[in-house]
Amino acid sequence: MTTCRSAREIDCLRIAGRVTARALEALVKSVVPGATTGEIDAYAEELIRKQGGEPAFLGYHGFSGSICASVNDEVVHGIPGRRKLIAGDLLKIDIGARVDGWYGDMACTVAVGEISPQARRLVETTKESLLAGIAVVRPGAHVSDIGHAVQGVVERQGFSVVRALVGHGVGRQLHEEPPVPNYGKPGNGVVLKPGMVLAVEPMVNAGSWQVRTNPDGWTVVTAQGCLSAHFEHTIAVTALGCEILTVSSDATLAQSPAVAL
Ligand code: MG
């Protein structure tokens, strides 16, 4: 059952989204060669708490970080720790904040120093695929239309979409109904209605789409050892289209492919 949120509830989710986005915006600037993922994680917690939020991931099913920090072939759910970033790394930061019981969830991929042209193209394609997925969100569209749009952008560039992990609803819980796959045929699944709130989060591999989980029980890596990228926004379906909730400015962004990630 997918919940439709009232205007007042969307206001609360907008606040949580903004706290999340402001934290990530500041955090990205701390990503430099020599920084450890643990240091970046500690800064993330500080940034969220300073704004009156709580890190949504900390303690979630026993997760030990405030962010997921996944490097290179790590797709998602990397555990922050002593790993030192080096120039050429691709760091995926997934971050969530809870504010007054409401959640924001977003992710981005950050280049550590100079990265290869292929890595650059992977990052740009993944960002573009998220925006393409968001661009089809409007009342009456089906949830699978999002994944169809994402997959089209990704596969045109010769990359592949991870299947084993999907986006989700967001609200009073970090993960709510419905699942939001990043692949598939259009016209399936939940029909979108104003007030639905979704996390759209393409995970894109430079090789095959298959993934496996490391022995730590968390870190999802590409099966082939190839690079992976990830971007995510929490969005609300509106009467006319959608609004991205995980933005750092006061501006209300209707669906706009020009929005910065
Ligand atoms: Mg998410």
Side-chain angles (χ1 to χ4, degrees), residues 2-3 5 13-25 27-28 41 44 48 53-70 74-80 91-99 101-110 126-127 129-134 137 143-144 146-147 150 154 161-183 189-190 192 196-205 211 213 218-220 228-237 242-248 259 261:
T2 303
T3 309
R5 301 296 179 181
L13 286 157
R14 195 180 286 118
I15 290 166
R18 188 170 302 164
V19 166
T20 310
R22 286 181 175 170
L24 185 57
E25 195 175 82
L27 201 57
V28 162
D41 179 63
I48 292 169
E54 297 161 283
F57 300 170
L58 188 60
Y60 186 84
H61 293 286
F63 191 74
S64 61
S66 294
I67 57 168
C68 298
S70 312
E74 297 171 354
V75 180
V76 286
H77 304 166
I79 304 169
L91 174 67
K92 279 76 65 173
I93 300 175
D94 199 339
I95 185 167
R98 180 175 56 247
V99 182
W102 297 93
Y103 285 85
D105 189 5
M106 79 184 299
C108 75
T109 300
V110 189
T126 308
K127 194 187 293 185
S129 76
L130 171 58
L131 296 177
I134 290 173
V137 174
V143 77
S144 78
I146 298 171
V150 167
V154 169
V161 172
V162 172
R163 316 275 167 111
L165 297 137
V166 298
H168 49 91
V170 179
R172 283 289 198 182
Q173 306 291 330
L174 181 59
H175 296 121
E176 297 190 353
E177 291 293 312
V180 183
N182 296 298
Y183 62 93
V190 169
L192 302 179
M196 288 182 177
V197 177
L198 306 173
V200 181
E201 52 173 323
M203 289 146 270
V204 176
N205 293 351
V211 295
T213 304
W218 282 104
T219 314
V220 176
S228 189
H230 181 209
F231 283 89
E232 175 180 25
H233 269 308
T234 301
I235 62 166
V237 184
C242 73
E243 175 187 342
I244 299 176
L245 300 177
T246 37
V247 288
S248 59
V259 61
L261 294 170

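Note that these values count all heavy atoms, side chains included, but never hydrogens, waters or copies made by symmetry. Numbering starts at 1 and runs along the sequence shown. For ligands, and for the atoms within them, numbers begin at 1 and follow the listed sequence.
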How many protein atoms of type N/O/S are positioned less than 2.8 Å from the Mg ion (ligand 1)? 4

Is the backbone of V220 close enough, under 3.5 Å, to the side chain of T213 for a donor and an acceptor to pair up by distance? no

Do you know which two heavy atoms are closest between G78 and F63, and how far apart they sit? O-CZ, 3.5 Å

In the structure I gave you, are the side-chain heavy atoms of T246 and D105 within less than 4.5 Å of one another anywhere? no

Report yes if the distance between the aromatic ring centroids of Y60 and H175 is under 6.0 Å, otherwise no. yes

Main chain of V162, side chain of N205: is a donor-acceptor contact present, judged purely on distance under 3.5 Å? no

When every non-hydrogen atom of I95 is compared with those of T20, the smallest separation belongs to O-CG2, 3.6 Å

